[in-house]
Protein chains: 4
Amino acid sequence: MLLRIEFESDIPIYMQIKNQIIEGIALGMLKEGDELPSIRQLASDFGINLHTVKKAYDILKDEGFLNVHRRKGYVVTKNATADDNFIESLKKEIHPILANAYCRGMTQDEILRICKEILEQFKNKV
Amino acid sequence: MLLRIEFESDIPIYMQIKNQIIEGIALGMLKEGDELPSIRQLASDFGINLHTVKKAYDILKDEGFLNVHRRKGYVVTKNATADDNFIESLKKEIHPILANAYCRGMTQDEILRICKEILEQFKNKV
Amino acid sequence: MLLRIEFESDIPIYMQIKNQIIEGIALGMLKEGDELPSIRQLASDFGINLHTVKKAYDILKDEGFLNVHRRKGYVVTKNATADDNFIESLKKEIHPILANAYCRGMTQDEILRICKEILEQFKNKV
Amino acid sequence: MLLRIEFESDIPIYMQIKNQIIEGIALGMLKEGDELPSIRQLASDFGINLHTVKKAYDILKDEGFLNVHRRKGYVVTKNATADDNFIESLKKEIHPILANAYCRGMTQDEILRICKEILEQFKNKV
DNA sequence: GTGGTCTAGACCACG
DNA sequence: GTGGTCTAGACCACT
């Protein structure tokens, strides 16, 4: 799987890594059990610091997307669940985004179509 | 309209204000032409810094949700549009969020239902 | 509240800080709403690095013992709960410790008495 | 007796081996005089390093749970005692664990019941 | 080789 | 002033 880091983005690097790995899982490019590049490897590949990579990996571990295998390093797992807390935070997170789109004149259908398009990419991939 | 600020959220206060005003417009609680509380007023109501409120208002002005009226202060307007740039950024913003939900085992329908629920609140309100 | 760091201990410094703050809460020395010393303050007080302190604070935040207030910094909260996951990890954690004590000839009563002594210190303090 | 190694645990493998052997003694599955599998044997059974197994065995020997017999290899013994040093370290070890449980709202009785449940498994087994 | 911990020091965002 | 992010580089534990 290929990561792409935008250094000029206002999204922190560790967050870009985190997001892209989750997207990689959603798109089926990363399967349960897959080993990720080592912290140092990824850091040197992108010319970033190993702590930055570690932060991304650790968050993913906390959230249940990764495990640390004592020999293999970080490995894709699937412990993350959509519990009530998550659903709540999900709503809270997309609420302002959808409100913004709606205020700009997009219709409910247009917005839902975009969501659906994105979700279709994930279908049967996880 | 009533604002609610969470000082212990990881979302900056100016962003909370910005989001809630947009949500207020989406929900029909703020109509075109409505005057917002003055920067001083809002800042003192919540015990926050003037700069914080001004930053929120200025962003909303830049995005076309507010206008500055010489006497009335900040006034709700509706110049914000969903141009290609916005659509692009919208997709980029929700992509990782939807991926996360999908990876946690939510189905396409479940996710879309949540989006729809939110959007229904806005219906016929703008 | 006073922290004591043992630099020669094989327990990582961030873990010592984490443990002592939890103990401080258990002993009633830290109450909900109390503000902790700032990361930089604590780091300089003990001559340790601010990242070390931050790591301790961040773990406590993740576990629900602290919140970050945008003006006050890290603040004691009480969101940590003893859910099934915690109970499970608790059992897994003390199992080998109790087994060790038992193998060394301590009786059930002796071991339980020590546990009780410790717990009595916490009574009516949280 | 059967060992179970979790490669994705944050507990080092040598520590898992050490703990499980002590637990085996506490549970009566390992009696004084029993011979443990050879280092080579155990290492190859689990696909782990010889050093890892040896480290676990050596610690157990240092603590008085094992003896090295010239022909039989590592043999269970019962020289480990609960001296003051041990009691002290025991208290220090469980103190933060019990504090954590208490802070999460568990009562003294609930916590003691869990300890007792564990200890009951060991009863009349050593 | 892997990750885990810690340091020293920088710049930025926020309020 | 607060915390958040990132860097560069060190040493250690584990396997």
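All values derive from a computational prediction rather than experimental measurement. In what follows, every chain begins at residue 1, and chains take the letters A, B, ... in the order their sequences are listed.
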*Determine whether more than 12 heavy atoms belonging to other residues, nucleotides or ligands lie under 6.0 Å from atom NE2 of D/His69.*
yes

*Mind checking salt bridge (charged side-chain N to carboxylate O under 4.0 Å, His left out) for D/Arg70 and listing every partner two or more places apart, or none if nothing turns up?*
none

_Distance check needed: F/dC14 P versus D/Asp58 CG, whole Å only._
14 Å

*For nucleotides 10-15 of chain E, read 5' to 3', which letter fits each nucleotide if B means a protein heavy atom sits under 4.0 Å from the base, S means only the sugar-phosphate is that close, and - means neither?*
-B--SS

_Set of side chain to side chain donor-acceptor pair (under 3.5 Å) partners for C/Glu63, sequence neighbours left out_ = D/Arg104

*asked:* Restricting to side chain to side chain donor-acceptor pair (under 3.5 Å), what partner residues turn up for D/Tyr57, sequence neighbours left out?
replied: none

_What I'd like to find out is whether the side chain of D/Leu3 reaches to under 4.5 Å of the side chain of D/Asp45, using heavy atoms alone._
no

*asked:* In whole Å, I'd like the distance from the NZ atom of A/Lys72 to the C1' atom of F/dC14.
replied: 17 Å

*May I have the distance from A/Leu42 (atom CG) to E/dG3 (atom P), rounded to whole angstrom?*
10 Å

*Kindly indicate whether the side chain of B/Glu8, heavy atoms from C-beta on, has any atom under 4.5 Å from the side chain of C/Val68.*
no

_Could you check whether any side-chain heavy atom of A/Leu66 comes within less than 4.5 Å of a side-chain heavy atom of A/Val76, counting everything from C-beta outward?_
yes

*Nearest-Å distance, OH (C/Tyr74) to C1' (F/dG3)?*
6 Å

*Whole angstrom is fine here: how far is it from CG in D/Asp10 over to P in E/dG4?*
9 Å

*Sequence neighbours excluded, which residues qualify as salt bridge (charged side-chain N to carboxylate O under 4.0 Å, His left out) partners of B/Lys54?*
B/Asp58

*Fill in the dot-bracket string of DNA chain E, one character per base: . for unpaired, | for a pair to another strand, ( ) or [ ] for pairs within the strand, taking Watson-Crick or G-U pairs under 3.5 Å.*
||||||||||||||.

*Provide, to the nearest angstrom, the distance between the CD atom belonging to D/Gln16 and the P atom belonging to F/dC14.*
12 Å

*In whole angstroms, how far is the C1' atom of F/dG9 from the NZ atom of A/Lys54?*
16 Å

*Quick one: does D/Ile48's side chain get under 4.5 Å of A/Arg71's, heavy atoms only?*
yes

_Distance in angstrom units between A/His69 NE2 and E/dG4 P, rounded_ = 14 Å

